[in-house]
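For reference, the structure is listed below as structure tokens.
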Amino acid sequence: MTQRQYDIIMKQAQINYPDECGGFLGGRDGVILGILPTPNLNLGDRRKSFGLMGEDIERALLFFEKNQLE
């Protein structure tokens, strides 16, 4: 993981604190090459769990496929 990728993840965590946050990591050969932060769409207690929509998964899969990432 590069410093820039780490910074993106940490910024998302800090912005969303104390709520849960998440996203997708894509790469190739064990190297992270793409990060897609995703908003927490949990309708319940966002401090205890993370929720996302099927559209988030589809967007990530399309991005990874387009960029030949796993």
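Everything numeric in this text was worked out from a predicted model, so none of it was measured.
The CZ atom of R47 sits 8.0 Å away from the OH atom of Y17 when rounded to the nearest 0.5 Å. In this structure, Q5 CD and L33 CG are separated by 7.0 Å, a value rounded to the nearest 0.5 Å. Distance check: Q14 CD to C21 SG gives 10.0 Å after rounding to the nearest 0.5 Å. Taking CD1 from I8 and CZ from R4, the interatomic distance works out to 4.0 Å, rounded to the nearest 0.5 Å. Summarising the geometry, atom CD1 belonging to I32 is positioned 11.0 Å from atom CG belonging to L69; distances are rounded to the nearest 0.5 Å. Distance CD/E58 to CD/E55: 7.0 Å, rounded to 0.5 Å.
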Walk me through it: do R59 and D56 pass the test side-chain contact (heavy atoms from CB on, under 4.5 Å)?
CA-CA 5 Å; R59 180 174 53 93; D56 296 322; 3.9 Å; yes

Does D19 form a side-chain contact (heavy atoms from CB on, under 4.5 Å) with F50? I'd like the steps, not just the answer.
CA-CA 8 Å; D19 294 346; F50 179 80; over 6 Å; no

Take E20 and N42 through the side-chain contact (heavy atoms from CB on, under 4.5 Å) test and state the conclusion after the steps.
CA-CA 9 Å; E20 292 289 325; N42 182 25; over 6 Å; no

Would M1 and I9 count as a side-chain contact (heavy atoms from CB on, under 4.5 Å) here? Give the steps.
CA-CA 11 Å; M1 175 180 297; I9 292 169; 3.8 Å; yes

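Between the side chain of Q12 and the backbone N or O of T38, at least one donor-acceptor pair lies under 3.5 Å. Under a 3.5 Å cut-off, the side chain of N67 and the backbone N or O of F63 do form a donor-acceptor pair.
Summarising the hydrophobic clusters (Ile, Leu, Val, Met, Phe, Trp, Tyr; side-chain heavy atoms under 4.5 Å, direct or chained), the residues clustered with L41 are M53.
The side-chain heavy atoms of Q3 and D7, taken from C-beta on, include a pair separated by under 4.5 Å.
Note on F64: it does not cluster hydrophobically with I35, by side-chain heavy-atom contacts below 4.5 Å among ILVMFWY residues. Residues L36 and V31 are members of one and the same hydrophobic cluster, defined by side-chain heavy-atom contacts under 4.5 angstrom among Ile, Leu, Val, Met, Phe, Trp and Tyr.
Among residue pairs with one or both ends in residues 60-70, none qualify as salt bridge (charged side-chain N to carboxylate O under 4.0 Å, His left out); sequence neighbours excluded.
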